[in-house]
Structure formats: C-alpha cells, structure tokens
Amino acid sequence: MINIQLIQVEKIRNLRNKILRPGLPIETVFYDCDKDITCFHVAAIELDKVIGTATFYKISHISCKGENVYRLRGMAVENNYQGQGIGRKILDFAFLELKKRNTDFLWCNARIIALDFYKKLNFKIYGEIFNIKDIGPHYVMYIKI
C-alpha cells in the first residue's frame with residue numbers, strides 16, 4: 001500500500017537527485033526554498049521507501065493573480081512507479097494542504113516530458129518555452145486552487 005504524507009526534506013533529497021539530477025552532486029537538489037517557513041514536502045511511501053515526492057513553497061509569479069501563490073518544485077517519482085498515478089496522488093494530497101493554506105494559485109517550471117501530466121490535472125501553460133541550464137526545456141504552468 002502506498003501512503004501519501006508530509007515528510008522532512010532530508011528524506012526526499014536522494015530521490016530528487018536520482019530522478020531530477022542524475023549524475024550530478026546531491027547538492028544540486030538542496031533548494032533555498034527547503035528552509036522557507038512556508039515550505040512543505042509531500043512523499044509517496046511504500047514499505048518505508050520514498051517512491052515519489054514534491055516540494056511546495058510560497059512565492060509569487062507573474063502568471064498568477066493572487067496574494068497567496070505557491071510554487072511546486074522537485075516533483076519526482078521512481079522510474080518503475082511512473083505512469084501509475086503516484087504523481088497525481090501526491091498533487092491531490094498537496095491541493096488539500098494548499099487549500100488549508102488559502103492558496104490562490106500553484107505554479108511550476110514544467111519539463112517538456114511532463115506537460116501532458118500537468119495538462120491532465122488542468123494546469124495551463126504561461127508564456128514561451130525556456131531552457132534551464134543542465135536540465136533542459138521547460139514551460140511555466142499554473143493552476144487555480
């Protein structure tokens with residue numbers, strides 16, 4: 001059984017590194033936002049192993065009109081669990097937490113390979129494609145909470 005829960009950042013960094021920055025030093029997944037008071041981390045756990053994760057913190061973006069705007073960052077699911085609804089379960093859990101925090105919008109920098117995933121959840125694209133060094137092409141995407 002897979003459990004979705006809030007978790008401490010130290011328990012998700014290895015998965016972030018493995019999926020989002022393979023071959024790069026673990027420090028590349030130490031985000032400044034991890035220490036932000038508004039930040040929270042969600043994990044999918046099976047048999048005491050983190051198999052999926054995402055991080056959320058309060059920060060505005062031009063794509064979102066609202067006073068309480070959060071960003072999604074560091075979303076990752078173990079390779080052999082991808083396509084099984086784990087990412088959706090993580091976001092469903094996070095949406096409930098974001099509603100408790102009276103969040104207006106959620107935005108993210110979405111990798112091209114993740115566009116369809118976010119579109120299925122009703123995220124919208126904002127602006128043009130852009131490149132993040134060492135990672136690749138992205139779009140800003142957002143959703144009203």
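Position 1 is the first residue of the sequence, and the numbers go up from there. Scope of the values below: all heavy atoms of this structure, side chains included, with no hydrogens, waters or symmetry mates.
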Minimum heavy-atom distance between Ile26 and Arg13, given as atom pair plus value: CD1-O, 3.6 Å

Asn17 side chain vs Leu24 backbone, donor-acceptor pair below 3.5 Å: yes

Euclidean distance, Lys65 NZ relative to Phe105 CZ, rounded to 0.5 Å: 9.0 Å

Crowding at CD1, Ile132 (>12 non-hydrogen neighbours, <6.0 Å): yes

Atom of Ala110, atom of Met141 and distance for their closest heavy-atom approach: CB-SD, 3.7 Å

Heavy-atom pair with the smallest gap, counting every atom of Pro25 and Thr28: O-OG1, 2.7 Å

Step-by-step side chain to side chain contact (heavy atoms under 4.5 Å, CB included) determination, Leu91 to Leu72: CA-CA 9 Å; Leu91 283 181; Leu72 158 61; 4.0 Å; yes

Hphob cluster co-occupancy, Leu96 + Leu6, side-chain heavy atoms under 4.5 angstrom: no

Within 6.0 Å of CD in Glu27, more than 12 heavy atoms from elsewhere: yes

Where Arg111 and His138 come nearest, the two heavy atoms and their spacing: CG-NE2, 3.3 Å

Transitive ILVMFWY side-chain link Tyr57 to Ile90, under 4.5 Å: no

Side chain Asn68, main chain Asp104, donor-acceptor under 3.5 Å: no

His41 NE2 to Glu10 CD distance, which is reported to the nearest 0.5 Å: 7.5 Å

Expected output: side-chain Thr103 to main-chain Val69 donor-acceptor under 3.5 Å: no

Spacing of CD1 belonging to Ile4 relative to CD belonging to Glu46, to within rounding of 0.5 Å: 10.5 Å

Connected via hydrophobic side-chain network under 4.5 Å: Val140 and Ile135: yes

Distance (rounded to the nearest 0.5 Å) between Cys64 SG and Ile143 CD1: 10.5 Å

Sub-4.5 Å side-chain heavy-atom contact between Phe117 and Val77: no

Arg16 with Asp34: basic N within carboxylate O range, under 4.0 Å: yes

Gap between atom OH of Tyr142 and atom CD1 of Ile125 - 0.5 Å precision: 10.0 Å

Enclosure of Asn131 CG (heavy-atom neighbours >12, cutoff 6.0 Å): yes

4.5 Å side-chain heavy-atom contact, Asn122 and Lys144: no

Residue Gln5 excluded, over 12 heavy atoms near CD under 6.0 Å: yes

Shortest non-hydrogen separation from Ile51 to Ile45 and the atoms involved: CG1-N, 4.4 Å

hydrophobic_cluster_shared for Leu20 and Ile86, side chain cutoff 4.5 Å: no

Qualifying residue, where the test is side-chain contact (heavy atoms from CB on, under 4.5 Å) with Tyr70 and the options are Ile145, Thr38, Ile59: Thr38

Side-chain donor or acceptor of Arg71 paired with backbone N/O of His61 under 3.5 Å: no

Joint hydrophobic cluster, Trp107 plus Leu121, side-chain heavy atoms closer than 4.5 Å: no

Name of the residue among Leu15, Asn14, Val9 meeting side-chain contact (heavy atoms from CB on, under 4.5 Å) with Ile12: Val9

Candidate pair Glu78 and Lys49, rule side chain to side chain contact (heavy atoms under 4.5 Å, CB included), full reasoning: CA-CA 10 Å; Glu78 277 282 2; Lys49 180 182 177 193; 3.6 Å; yes

Where Phe40 and Arg101 come nearest, the two heavy atoms and their spacing: CD2-CZ, 3.4 Å

Arg73 to Tyr31 six-membered ring, cation-pi geometry met (6.0 Å, 45°): yes

